[in-house]
Amino acid sequence: MSTVVISHEFASSPDQAWYDHLAATLNNHDVRTPQMPDPEAPQPEPWLRAVAEQITDPADTVLVGHSLGGVNLLRLLQRHEGEPFAGVVLVASMAHEVGYDQLAGFFDGGFDWERIRNAAKQFRVLVAIDDPVLTPDPLDHVRLFTTHLGAKSVVTPDGIHFSRHQNRRELAEAVELVTELLP
């Protein structure tokens with residue numbers, strides 16, 4: 001049984017969006033979705049700790065990050081020492097700042113892409129072309145993840161931000177991408 005750790009989006013919780021559906025679909029695996037501290041006013045270090053506490057065996061773990069949760073995982077990977085994670089799925093995640101002052105601390109200093117790439121065996125990215133959060137262009141974020149991480153990317157024509165705001169309770173594309181990476 002592999003472990004899947006989900007880092008949820010800004011201003012959300014583990015019981016919102018499509019996280020429960022992913023866990024139910026992967027019922028033969030240990031799926032963990034920790035509540036991120038202070039989700040309405042997130043801070044990088046507490047968010048990082050919340051995910052790090054869920055990890056026991058990186059080689060048998062697939063990380064899933066949604067939106068800011070994906071940025072949280074990039075920071076985790078950037079600090080990771082030791083055996084690489086089995087894989088990482090970034091859903092509607094940002095590769096750089098997108099103009100939300102409240103989230104700027106998560107992007108301080110940019111990313112050490114080489115270090116991040118070496119911390120996981122494989123990367124997958126899921127983005128909707130109509131995502132209003134991934135400014136100025138969702139495809140710019142996809143390009144950066146593909147170029148710097150060697151990520152396989154799936155771009156849908158719609159889906160907005162795959163968020164709880166659209167009452168998105170299922171996300172088959174995320175299930176498929178996670179399943180591809182399970183050891």
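Computed from heavy atoms alone, side chains included, the values below leave out hydrogens, waters and symmetry copies.
- Between P58 and E83, the shortest heavy-atom contact is CB-O, 3.6 Å.
- Taking 4.5 Å as the limit, every side-chain heavy atom of R169 sits out of range of all side-chain heavy atoms of H21.
- A pairwise comparison of heavy atoms in M94 and V98 identifies CG-CG1, 3.8 Å as the closest pair.
- Side chains of T61 and T3: a donor-acceptor N/O pair is absent below 3.5 angstrom, by distance only.
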For this session: Would you check, one step at a time, whether the test side chain to side chain contact (heavy atoms under 4.5 Å, CB included) holds for I160 with D131?
Result: CA-CA 4 Å; I160 306 180; D131 192 323; 5.6 Å; no
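- A perpendicular orientation is assigned to the rings of F111 and F107, their planes being inclined by more than 60° (bins at 30° and 60°).
- At least one donor-acceptor pair under 3.5 Å links the side chain of H141 to the backbone N or O of A95.
- A distance of 12.5 Å separates CD in Q78 from CG in L73, rounded to the nearest 0.5 Å.
- Aromatic ring pairs are classed by plane angle as parallel below 30°, tilted from 30° to 60° and perpendicular above 60°; the pair W113 and F145 is perpendicular.
- The two residues F162 and A92 have their closest heavy-atom pair at CD1-CB, 4.1 Å.
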For this session: Assess whether ring-ring contact (aromatic ring centres under 6.0 Å, His included) is satisfied between H8 and W18, documenting all intermediate values.
Result: CA-CA 10 Å; H8 67 69; W18 41 268; over 10 Å; no
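- Remark: aromatic rings of H66 and Y19 are close, center separation under 6.0 Å.
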